[in-house]
Amino acid sequence: MPRDATPRRYLMCAPTHFRVTYSINPWMDPSKPVDLRLARTQWEDLRDRYRSLGHTVEELTPLPGLPDMVFAANGATVIDGRVLGAMFAHRERHAEAAAHREWFRSHGYGEFHEPAHVNEGEGDFAVTASFVLAGTGFRSSPLAHDEAQEFFGRPVIGLHLVDPRYYHLDTALCVLDDAADEIMYYPDAFSPGSRSVLARLFPDALIARKPDAAALGLNAVGDGLHVLLPQGATGLFGPLRDRGFEPVPMDLSELLKGGGSVKCCTQELRGA
Ligand code: ARG
């Protein structure tokens, strides 16, 4: 099938204050050193790669004391230019929500919905042509799924995550083509019921295997043609090519120490 990239707008936040000083997911080990300069270079490579592929990258100003702010995907969900703000599950990240809100206010986004329930933005919300897929189990509340459905007016499909290593939906599932309903995911990260729902809605999905999921290979970003993904997920390259996608391996080893990779660093600003 011939594939086409469409230009995207992304919001990213430089890892200026990135550290692993606490542990709120199994990937985070505060005793392991982080190479901050390398983190910065790797992050810039990702940003510049988006730009060289023709995408626009906006930058959110990083704030001291918020070491996870580099994971910009968690700060909001934007569909049709309308913004659902985030409410973080952990105290350590609470203040990030306001920084995102401020960014949207000062960039002309008129419609910002202040959330009533915990949701970690695109960490747990994924947008396909027909649905908003929504994770729960570790971070976002199922009540936030209803809230998103009401606000966006799109059918929201709740999915239960059961493995703490895959604590956000975007660590276990990736939308490859949002003009269609094309996804890849790691079934073992989901409850049996959610696995059945995924199999029913996405019978042609690319099914990821354990080593690729463990390399955080599902934490990827697709533009319709290119799929930027963690370089360790080598088992996904062939299957992606077979489907007409172009895998773009990225090295984000330092950010992996915080439990995030390509997608976590990238919030998509979907226009009206
Ligand atoms: N340390 C961050 C946390 O545990 C990582 C967030 C990764 N972001 C993501 N979209 N999965 O909250």
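No experiment lies behind these values; they were computed from the predicted model shown. As the structure lists them, so they are numbered: ligands from 1, and atoms in each ligand from 1.
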Q | Under 3.5 Å: N/O of N219 near N/O of ligand 1 | A | no

Q. Would you call R8 and D178 a salt bridge, using N to O less than 4.0 angstrom?
A. yes

Q.
Taking the basic N atoms (NZ, or NE/NH1/NH2) and the acidic carboxylate oxygens, is any pair closer than 4.0 Å for E254 and R40?
A. no

Q: Flag G123 as yes when one of its N or O atoms lies below 3.5 Å from any N or O atom of ligand 1, and as no otherwise.
A: no

Q) What is the ring orientation for Y10 with H55, classed by angle as parallel under 30°, tilted 30 to 60°, or perpendicular over 60°? A) perpendicular

Q. With atoms numbered from 1 as shown, which atoms in ligand 1 lie under 4.0 angstrom from a non-hydrogen atom of G258?
A. 1 (N), 2 (C), 5 (C)

Q: Within a distance under 4.0 Å of any heavy atom of M28, pick out the atoms of ligand 1 and give their elements.
A: 1 (N)

Q. Does H168 reach ligand 1 with a nitrogen or oxygen that is under 3.5 Å from one of the ligand's nitrogen or oxygen atoms?
A. yes

Q: Check the surroundings of atom CZ in R209: do more than 12 heavy atoms from other residues, nucleotides or ligands lie under 6.0 Å from it?
A: no

Q: Measure up the F112 and F104 rings against each other and bin them: parallel (under 30°), tilted (30 to 60°), perpendicular (over 60°).
A: tilted

Q: Provide the number and element of each atom of ligand 1 under 4.0 Å from a heavy atom of D68.
A: 1 (N), 2 (C), 3 (C)

Q: Kindly say whether the aromatic ring centers of F151 and H113 come within a distance under 6.0 Å.
A: yes

**Q.** Given V221, V248, L228, V57, the one that forms side chain to side chain contact (heavy atoms under 4.5 Å, CB included) with L46
**A.** L228

Q: Considering only non-hydrogen protein atoms, determine which one is nearest to atom 8 (N) of ligand 1 and report residue, atom name and distance to 0.1 Å.
A: C264 SG, 2.9 Å

Q | Which segment of E122 sits under 4.0 Å of ligand 1 when only heavy atoms are counted | A | neither

**Q.** ligand 1 to K263 polar contact by distance, N or O atoms, under 3.5 Å
**A.** no

Q. Which of the atoms of ligand 1 are close to D170, meaning less than 4.0 Å from one of its heavy atoms?
A. 9 (C), 10 (N), 11 (N)

Q. Hey, does the Lys NZ or Arg CZ of R3 hover above the aromatic six-ring of F245, less than 6.0 Å from the centre and inside 45° of the axis?
A. yes

**Q.** Atoms in ligand 1 flagged as close to R139, the criterion being non-hydrogen separation under 4.0 Å
**A.** 3 (C), 4 (O), 12 (O)

